[in-house]
Amino acid sequence: MGNLLRLLSREDCCSPQKYDVFLDFENAQPTDAEKPIYDEAQVVLERAHRILQELQDYRGASQEIRKAIGTPDVESEKLAWEAVLPLVSKLKDFYLFSKELEKLVPKILLELCCGPFTPTQHLETQQALVKQFAEILEFTLKFDEYKVNCINLNKVEESRRWGLRLKSVLSLAFEYLISSPPIPP
C-alpha cells in the first residue's frame, strides 16, 4: 500500500521518478475481476451517507438524563429511557458499520497491492477499486471530524470511560470486602 500512496504523493523531493497516472474517478468502471469486491464496497458506501447524516443529527439525551437523576420518579426515568434507547441503537449502528469497513478495507487493499502488477499498473487498471478506497478514506475522515465535533457523542464517550473506571474501582472494593477478615460484632 505504501507504494500506491507514494505514487499518489505530489512531493517530488522523495522520489527521483516521475509518475504520470491519470485517475478518472467519474468514469471508472470495475473490471470483471474486481466486480465482486467493488459491488460489496458499493453496498457499504451507500450506507455511509446515512451514517454520516445520523452522526451529524446526533443530539444526545442529557436533559432527560439530568432530569431523571435530579428528580428520580417513574415518569422522568421513563422519558430518559425513551430518549436514550434510540441513541444506543444509533451507536450500535455506527459500531457495526465500522466492523463492516474493517472487513472490507483489507479485501480492497489485497486486490490493489498484490499480484503481478506494479503499483502504477494497479492504479491504471483498477481505477474503480481505487475510487472505492478513496471514498472509504473520505468517509473515515468525515466521520472522525463529525465525531470530534459532536459534543453529545463526546459526553457518551466520557461517560463510558468513567463507567469503566468506576467498574474497576467497585471491583477492587468488592475483592477487598471478600478477602478482608470479618469485622467482629
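- For the salt bridge (charged side-chain N to carboxylate O under 4.0 Å, His left out) test, residues two or more places apart in sequence or in another chain that qualify with K99 are E102.
- By the salt bridge (charged side-chain N to carboxylate O under 4.0 Å, His left out) test, E145 pairs with no residue at all, sequence neighbours left out.
- Shown here are the side chain to side chain donor-acceptor pair (under 3.5 Å) partners of E34, two or more places apart in sequence or in another chain: T31.
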For residues 135-144, please give each side-chain donor-acceptor pair under 3.5 Å, one per line with the distance, not counting sequence neighbours.
unit_1: T140; atom_1: OG1; unit_2: I136; atom_2: O; d: 2.8

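- Evaluation of the side-chain contact (heavy atoms from CB on, under 4.5 Å) rule for V84 yields A61, I65, V88 as partners, not counting sequence neighbours.
- Here CD1 of I51 is found 5.5 Å from CZ of F97. Values are rounded to the nearest 0.5 Å.
- Other residues sharing the hydrophobic cluster of V74, ordered by chain and number and joined by side-chain separations under 4.5 Å: none, the residue standing alone.
- In the hydrophobic cluster analysis, where Ile, Leu, Val, Met, Phe, Trp and Tyr join through side-chain heavy atoms closer than 4.5 angstrom, L129 is grouped apart from L110.
- For residues 84-93, no pair satisfies side chain to side chain donor-acceptor pair (under 3.5 Å), with sequence neighbours left out.
- Applying the salt bridge (Lys or Arg N to Asp or Glu O under 4.0 Å) test to pairs two or more places apart or on separate chains, those with a residue in residues 72-85 are K78-E82.
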Atom pairs and distances, donor-acceptor, side-chain atoms in residues 35-45, under 3.5 Å, two or more places apart:
unit_1: K35; atom_1: NZ; unit_2: D39; atom_2: OD1; d: 3.0
unit_1: K35; atom_1: NZ; unit_2: D39; atom_2: OD2; d: 3.4
unit_1: E40; atom_1: OE1; unit_2: K107; atom_2: NZ; d: 3.3
unit_1: E40; atom_1: OE2; unit_2: K107; atom_2: NZ; d: 2.9
unit_1: Q42; atom_1: OE1; unit_2: Q132; atom_2: NE2; d: 3.1

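- In this structure, the separation between CG on L101 and CG on L96 is 11.5 Å, given to the nearest 0.5 Å.
- Between the NZ atom of K67 and the OG atom of S62 there is a distance of 14.0 Å, given to the nearest 0.5 Å.
- Pairing each heavy atom of E64 with each of A80, the nearest pair is O-CB, 3.6 Å.
- Atom CD of E111 and atom CZ of F133 lie 13.5 Å apart (nearest 0.5 Å).
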